[in-house]
Amino acid sequence: MGLTARRYALQRGGTGRFTSRSGHDICFRALADVVAVAEQHPQVAATTVIRRDGQALLRQESGGAGRASWALAAERLRPYTEQETEAFLRLHQSLRRALPRHRQELDEIATLARSLMPAAVQPACLGPAVPARR
């Protein structure tokens, strides 16, 4: 969540360029399609899949069809480590402050991410508490 938003809102002090959940999903599907084509294309020498923490997960030389596509899908579903969870939650809070217009969608994205977080560090509530209606 939020690499583009963080870059624009936090590093530049701007208003942020936010990528919606649906926009992210469209881009991810396109990325998966590109990886599948790259795995088969004779002019692509290698494909590298990068983990969400920035580490190289897999470098597939030409001829290893399917491994990069599998690694990309697996990384998207891989549970967060405790450190990744803490970093995600810090980023979520800073983006909520920096991009108030997008708080609802940021909270929806965080709720989706919660299912990948270790139970021991999952927050009970990702957004601010909503007062009960009387």
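When reading the values below, keep in mind they use all heavy atoms of this one structure, side chains included, and skip hydrogens, waters and symmetry mates. Numbering of residues begins at 1 and proceeds along the displayed sequence.
- Considering all non-hydrogen atoms of both residues, E84 and R78 come closest at OE2-NH2, 2.8 Å.
- Here the closest heavy-atom approach between residue L57 and residue A71 is recorded as CD2-O, 3.8 Å.
- At distances below 3.5 Å, at least one donor-acceptor pair connects side-chain atoms of S115 with backbone N or O atoms of L112.
- Taken from OG in S69 to CD in Q40, the straight-line distance is 8.5 Å, to the nearest 0.5 Å.
- Here CZ of R96 is found 13.0 Å from CD of E105. Values are rounded to the nearest 0.5 Å.
- At a threshold of 4.5 Å between side-chain heavy atoms, the hydrophobic network of Ile, Leu, Val, Met, Phe, Trp and Tyr places V44 and V35 in two separate groups.
- Considering only residues two or more places apart in sequence or on other chains, D25 meets the salt bridge (charged side-chain N to carboxylate O under 4.0 Å, His left out) condition with R76.
- Atoms CD and CD, from E82 and Q122 in turn, are 11.0 Å apart once rounded to the nearest 0.5 Å.
- Closest of all the heavy-atom pairs between A32 and L72 is CA-CD2, 3.8 Å.
- Residue R59 holds its CZ atom at 10.0 Å from CD1 of I50, rounded to the nearest 0.5 Å.
- Residues satisfying the side-chain hydrogen bond (donor to acceptor under 3.5 Å, both in side chains) test with T47, not counting sequence neighbours, are none.
- Note that CG of L116 and CG of L77 are 7.0 Å apart. Values are rounded to the nearest 0.5 Å.
- When all heavy atoms are compared, the tightest approach of L99 to L106 is O-CD1, 4.3 Å.
- Closest non-hydrogen pair, P79 versus R52, comes out as O-NH1, 3.8 Å.
- Put simply, NE2 on H92 and CZ on R103 are 10.0 Å apart, with the number rounded to the nearest 0.5 Å.
- Nearest heavy-atom pair, Y80 versus A113, reported as atom, atom and distance to 0.1 Å: OH-CB, 3.8 Å.
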